[in-house]
Amino acid sequence: MSVQRILLTVLMSILASGALSAQLVDSGDPREIALELFSQISRDAPADAIALRLDQLIPVFRKRCLRLTDYQIFSRETNIVVLKVKCSGDPLYGVTVASNGYVSVYGGNGLIEGINQ
C-alpha cells in the first residue's frame, strides 16, 4: 500500500468517527441529547444552542412543543441542572439533566410554576 493510500484511509476513518459522534447527538437518543445539553450549560454556551437542544429533547418524551419560547435555569448543581421550559400554547415543562446522562421531562399540565422574572 502506498503512503498516500494509508493516509487517505486514516483520514476517512477520522472523518467517519467525527460524523458518527455528531450523528449520536442528532439521533434522538435522550441520553445523548441530555449529555450535550448538560455540557453546554456547564460551558455557558449561547442561549440559542441550549434552546435548540431543549427543542430536540422535549418531543422525545412525547410532550408537545410547537415552538420553544423561553427557558430558565432553575437550579444548577455540580452534576445536575433543572430547567423550566416554556413552549408557546403549553404550560411550563420541567427538564432535569445530569452529567451521567440522566434526563427527565415533566409537567405540561400546570404542575410547574411560572418562570421567575
Novice: Walk me through whether Val81 and Leu83 qualify under side-chain contact (heavy atoms from CB on, under 4.5 Å).
Specialist: CA-CA 7 Å; Val81 176; Leu83 302 105; 4.0 Å; yes
Novice: What is the distance from atom CG of Leu66 to atom OG of Ser88, rounded to the nearest 0.5 Å?
Specialist: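 OG of Ser88 is found 5.5 Å from CG of Leu66.
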Novice: Please indicate whether Arg76 has more than 12 foreign heavy atoms, meaning atoms of other residues, nucleotides or ligands, lying under 6.0 Å from its CZ.
Specialist: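 Atom CZ in Arg76 is packed in, count exceeds 12.
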Novice: To the closest 0.5 Å, what do you measure between CD (Glu32) and CD (Gln56)?
Specialist: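 One finds 12.0 Å between CD of Glu32 and CD of Gln56.
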Novice: Taking atom CG of Asp55 and atom CG of Asp48, what is their separation to the nearest 0.5 Å?
Specialist: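 Output value for this atom pair is 11.5 Å.
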Novice: Between Asn109 and Pro91, what is the shortest heavy-atom contact and its length?
Specialist: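 Between these two residues, the closest heavy atoms are N-CB, 4.1 Å.
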Novice: For the side chain to side chain contact (heavy atoms under 4.5 Å, CB included) test, which of Val60, Leu37, Leu35 pairs with Pro30?
Specialist: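 Exactly one pass, corresponding to Val60.
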Novice: Counting only N and O atoms by type, is there a donor-acceptor contact under 3.5 Å from the side chain of Lys86 to the main-chain atoms of Ile115?
Specialist: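 Judged by distance alone, no pair lies under 3.5 Å.
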Novice: Taking Leu52 as the starting point, is it possible to reach Ile33 by hopping between hydrophobic residues whose side chains are less than 4.5 Å apart?
Specialist: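 In one cluster: no.
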Novice: Taking the side chain as every heavy atom from C-beta outward, state whether Val85 and Leu92 have any atom pair closer than 4.5 Å.
Specialist: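 Sidechains of Leu92 and Val85: no contact.
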Novice: Quick check: do Arg64 and Tyr93 have side-chain heavy atoms less than 4.5 Å from each other?
Specialist: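 Yes; the side chains approach each other to less than 4.5 Å.
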Novice: Supply the atom-to-atom distance Ile112 CD1 to Phe74 CZ, rounded to the nearest 0.5 angstrom.
Specialist: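 Ile112 CD1 to Phe74 CZ: 8.5 Å, rounded to 0.5 Å.
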Novice: Do the non-hydrogen side-chain atoms of Val95 and Val97 ever get within less than 4.5 Å of each other?
Specialist: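 When only atoms from C-beta onward are counted, Val97 and Val95 do touch, with a gap below 4.5 Å.
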Novice: Quick one: closest heavy-atom pair of Ile80 and Phe38, and the distance?
Specialist: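 Scanning both residues, the minimum pair turns out to be N-CE1, 3.7 Å.
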Novice: Between CZ of Arg43 and CD1 of Ile50, what distance do you get to the nearest 0.5 Å?
Specialist: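 It comes to 9.0 Å.
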Novice: Could you check if a side-chain atom of Cys65 sits within less than 4.5 angstrom of a side-chain atom of Lys63, using non-hydrogen atoms only?
Specialist: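 No, too far: nothing below the 4.5 Å cut-off.
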Novice: Between Glu113 and Lys84, what is the shortest heavy-atom contact and its length?
Specialist: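 For Glu113 versus Lys84, the nearest heavy atoms are O-NZ, 3.6 Å.
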Novice: How many angstroms lie between CD1 in Ile41 and CD in Glu36, if you round to the nearest 0.5 Å?
Specialist: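 Here the interatomic distance stands at 10.5 Å.
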Novice: Side chains of residues 99-106: which donor-acceptor partners sit under 3.5 Å, not counting sequence neighbours?
Specialist:
{"unit_1": "Ser99", "atom_1": "OG", "unit_2": "Asn79", "atom_2": "OD1", "d": "3.4"}
{"unit_1": "Asn100", "atom_1": "OD1", "unit_2": "Tyr102", "atom_2": "N", "d": "3.0"}
{"unit_1": "Tyr106", "atom_1": "OH", "unit_2": "Thr96", "atom_2": "OG1", "d": "2.9"}

